[in-house]
**Student:** 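Have a look at the structure that comes next, please.
None of these values were measured; they are calculated from a predicted model. In listed order, ligands and their atoms are each counted from 1. Throughout, numbering of the chain's residues begins at 1 and tracks the sequence.
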Amino acid sequence: MTHEKTFIMVKPDGVQRKLVGEIIARFEKRGFKLVAMKMMKADGPLLEQHYGDLKGKAFFAGLVNFVSSGPVVAMVWEGKDVIKQGRVMLGETNPLASLPGSIRGDFSIDIGRNIIHGSDSADSAAKEIALWFKEGVVSWDCGEDKYIYE
Ligand code: DAT
Ligand code: MG
């Protein structure tokens, strides 16, 4: 189904390092469709909800603190299998385990500075899109779709 959606966020390290355009370009060139985007500062309560599954982890406070330290770019991308494909494009959580060609493998080194977030399942994608884009996303027809999907 070509209307699957995933939540992708460039974290403060990716914004500071001016990787927003590079990341958007990779998703666009692959053929995925941007249906929502905003730059914002995420506060602690939002991030505690977003990373709720990780609450018991030793790195949780540091993670929330870092991701709230500066602007992020939150996006929703749409397309066939985009949740799984987005994760493959990101690489592994630990950049040192990420292959060259992946975003984390090409642009990062430390796990706590891995520059980008991507939903890991249909369930988390739905929750994250609802959490970050309460205003909803944009539905639009892309004229190239007939050259991307057979
Ligand atoms: P991912 O971002 O690949 O979905 P995750 O959901 O397990 O990974 O963790 C969220 C973020 O938390 C991750 O991008 C970086 C940080 N993190 C995860 N494991 C960590 C660890 N062992 N030490 C420090 N930060 C960690
Ligand atoms: Mg995760």
**Student:** Can you name the nearest heavy-atom pair linking Ile111 to Pro95, along with the distance?
**Tutor:** CA-CD, 3.6 Å
**Student:** Between Trp77 and Phe32, is the ring centroid distance below 6.0 Å?
**Tutor:**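 Aromatic pair excluded; centres sit 6.0 Å or further apart.
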**Student:** Backbone N or O of Trp140 within a donor-acceptor pair of the Lys33 side chain at under 3.5 Å?
**Tutor:** yes
**Student:** For a quick test of your reading: what N or O donor-acceptor pairs under 3.5 Å do the side chains of residues 99-110 make, sequence neighbours left out?
**Tutor:**
residue: Ser102; atom: OG; partner: Leu99; partner atom: O; Å: 2.6
residue: Ser102; atom: OG; partner: Gly105; partner atom: N; Å: 3.0
residue: Arg104; atom: NE; partner: Asn114; partner atom: O; Å: 3.4
residue: Arg104; atom: NH1; partner: Glu92; partner atom: O; Å: 3.3
residue: Arg104; atom: NH2; partner: Ile116; partner atom: O; Å: 2.7
residue: Asp106; atom: OD1; partner: Gly101; partner atom: N; Å: 2.7
residue: Asp106; atom: OD2; partner: Arg26; partner atom: NH1; Å: 3.4
residue: Asp106; atom: OD2; partner: Arg26; partner atom: NH2; Å: 2.8
residue: Asp106; atom: OD2; partner: Gly101; partner atom: N; Å: 3.4
residue: Ser108; atom: OG; partner: Arg104; partner atom: O; Å: 2.8

**Student:** Please give me the minimum heavy-atom distance between Ile23 and Ile115, naming the atom from each residue.
**Tutor:**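 In terms of heavy atoms, the two residues are closest at CD1-CD1, 4.3 Å.
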**Student:** Is the NZ or CZ atom of Lys38 both under 6.0 Å from the centre of the six-membered ring of Phe133 and within 45° of that ring's axis?
**Tutor:** yes
**Student:** Name the residues in contact with ligand 1, where contact means a heavy atom under 4.0 Å away: which are they?
**Tutor:** Lys11, Tyr51, Leu54, Phe59, Leu63, Arg87, Thr93, Arg104, Ile111, Asn114
